[in-house]
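Just so you know, residue 1 is the first one in the sequence shown, and it goes up from there. Whatever order the structure lists ligands and atoms in, that order sets their numbers, starting from 1.
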Amino acid sequence: MDEPAILEAGRVLAGKGLVAFPTETVYGLGANGLDWEAAARIYAAKGRPSDNPLILHIASMEELFPLAAEIPAEAKILAEAFWPGPLTLIFKKTAIVPYGITGGLDTVAVRMPSHPVARRIIQAAGVPIAAPSANTSGRPSPTKALHVLEDLDGKVDMIVDGGTVGIGLESTIIDVSGGCPVILRPGYITEEMLFPLIGKAAFDAAVTGEAGADVRPRAPGMKYRHYAPKAEMTVFLGSPTQVCISIENALKQAAAEGRRAGVLCTEESERFYDAPVKKCAGRRNEPESVARSLYDVLRSFDKEQVDCIFSESFEETPLSGAIMNRLLKAAGYRTVKCNGV
Ligand code: AMP
Ligand code: MG
């Protein structure tokens, strides 16, 4: 990335402009995070509900101190271990953080990304950058600049193209503002990685299932349907073999009913299906490849005019928690339990 483009992005952000830029997780839609009017433009461009708070992105530890009213011991341990990187921490906020970016909450979400372009842009702007994923609210997050263009062309001042992102799923979010750390969103930093540092972290109830109307999720984003392709999607739960058999049966039934079906599978299983549309989300035995390609695959079904999507599930590895969390949300929690589950 050339320096003039970085400096221009910094200038736009330091004003009230919107810049989409790559991070190691997904592309972010950035604005000055200490200026509620700039942040309001993010909500407008994405069509994002105003009670869904934004994450502030910083480039150095010193930038955290003016934002967080308290930095508990666990937060220091986690920041030291995983920053810069795909981890967001929730702190009690200070007065300089506008309620317009926290969805009215007294807490603030902060992350220090590791992507070199993101870091240089934040430094060039000289302010914390509020940056949710750079997609229309509800759609799969962008993992390449083309996805940002698909959703936000004409609604942002600048898009910085840094190629395809490395991780492909949003950051792990941990609330450290209360007594014990609570995982609000699973991500690339898994329970297994956290355990040696802070012991067993609890999951928020809304992570494990659909937040009911009576539950007030701590991460307000949890209550919204996310990452969704346009067609109805069903996730088949069970062993890979059972899932394969059940999806084949569902494909036959869809064909008999005249419905055009798509299958979300892996390179290992693709050859088993006789389907009008097949899309591989990487290789099952390389979970990182599934994470990296998942959103691209979900988006690509929209161009295939399918009536329904049958998806395999991913439950064998530490990264599965994050992958299944996104997949189940994309499916609106529509699942089929295959034999033996
Ligand atoms: P996005 O940047 O679009 O991936 O979404 C940001 C996520 O962080 C959303 O799920 C928010 O609900 C969550 N989040 C941001 N700030 C807070 C906060 N102060 N408390 C709880 N969750 C938050
Ligand atoms: Mg998002």
Side-chain angles (χ1 to χ4, degrees), residues 18 20-31 33 36 39 42-43 45-58 64 67-70 75 86-94 97-113 115 118 128-143 147-148 151-152 165 167-178 181-189 202-207 210-211 215-228 291 294-295 298-299 322 325-326 329-330:
L18 295 185
F21 61 89
T23 82
E24 70 278 21
T25 57
V26 300
Y27 272 74
L29 176 58
W36 67 266
I42 292 182
Y43 286 96
K46 283 183 60 105
R48 182 175 172 110
S50 62
D51 66 348
N52 193 354
L54 307 176
I55 297 171
L56 288 184
H57 292 69
I58 58 175
L64 174 65
L67 308 173
E70 267 171 43
L87 177 74
T88 296
L89 296 171
I90 312 263
F91 300 94
K92 291 200 174 87
K93 82 173 195 71
T94 59
V97 178
Y99 282 109
I101 72 118
T102 70
L105 299 171
D106 289 318
T107 50
V108 61
V110 185
R111 176 165 107 79
M112 190 192 294
H115 194 295
I129 300 300
S133 48
N135 52 285
T136 299
S137 201
R139 295 210 71 212
S141 300
T143 54
H147 296 161
V148 181
D151 282 15
L152 299 177
V165 301
I167 293 178
L169 298 179
E170 302 81 354
S171 58
T172 304
I173 303 181
I174 303 184
D175 188 344
V176 289
S177 68
V182 179
I183 302 174
L184 302 188
R185 178 169 74 186
Y188 188 79
I189 307 292
F203 276 98
D204 190 84
V207 175
E210 192 173 10
V215 179
R216 192 178 182 278
R218 275 203 244 191
M222 291 169 161
K223 71 179 180 226
Y224 299 110
R225 188 168 178 226
H226 260 109
Y227 324 121
L294 184 65
Y295 288 141
L298 289 175
R299 276 178 179 263
N325 172 266
R326 306 315 192 272
K329 280 195 177 197

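Near N52, meaning under 4.0 Å from one of its heavy atoms, ligand 1 places the atoms 9 (C), 11 (C), 12 (O). Heavy-atom contacts of P132 reach the following atoms of ligand 1: 2 (O), 3 (O) (cutoff under 4.0 Å). Proximity to A109 (heavy-atom distance under 4.0 Å) selects the following atoms of ligand 1: 15 (C), 16 (N), 17 (C). Near L105, meaning under 4.0 Å from any of its heavy atoms, are these atoms of ligand 1: 18 (C), 19 (N), 20 (N). Of all atoms in ligand 1, numbered sequentially from 1 with element shown, those under 4.0 Å from a heavy atom of I173 are 7 (C), 8 (O), 13 (C). Contact atoms of ligand 1 toward R185: 1 (P), 4 (O), 5 (O), 7 (C) (distance under 4.0 Å to a heavy atom of the residue).
Here atom 6 (C) of ligand 1 lies nearest to R48 when heavy atoms of R111, K93, R48, H57 are compared.
The shortest distance between side-chain heavy atoms of W36 and I101 does not fall below 4.5 Å. Between N135 and R299, some side-chain heavy-atom pair lies under the 4.5 Å cut-off. Using a 4.5 Å heavy-atom threshold, the side chains of P186 and R326 count as touching. Here the side chains of R139 and Y295 are not in contact, with every heavy-atom distance at 4.5 Å or above. Here the side chains of F91 and V110 are in contact, with some heavy-atom distance below 4.5 Å.
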field: Evaluation steps, salt bridge (charged side-chain N to carboxylate O under 4.0 Å, His left out), between R111 and E24
entry: CA-CA 12 Å; R111 176 165 107 79; E24 70 278 21; 2.7 Å; yes

query: When you look at Y227 and L294, which way does the side chain to side chain contact (heavy atoms under 4.5 Å, CB included) test go after all the steps?
result: CA-CA 10 Å; Y227 324 121; L294 184 65; over 6 Å; no

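Checking E170 against S133 by side-chain atom types alone, no donor-acceptor pair falls below 3.5 Å. No side-chain donor-acceptor contact under 3.5 Å links S171 and T25.
Take a cut-off of 2.8 Å around the Mg ion (ligand 2): the protein N, O or S atoms inside it are S133 OG.
Both the backbone and the side chain of T107 come within 4.0 Å of ligand 1, counting heavy atoms alone. By the criterion of a heavy-atom distance under 4.0 Å, neither the backbone nor the side chain of D175 is placed next to ligand 1. If you look at T88 next to ligand 1, there are no close heavy atoms at all, none under 4.0 Å. At a heavy-atom cutoff of 4.0 Å, ligand 1 is contacted by no atom of T102, backbone or side chain.
Distance check, rounded to the nearest 0.5 Å: OG1 of T23 to CD1 of I129 gives 13.0 Å.
Closest approach of L89 and A75 over heavy atoms only: CD1-O, 3.9 Å.
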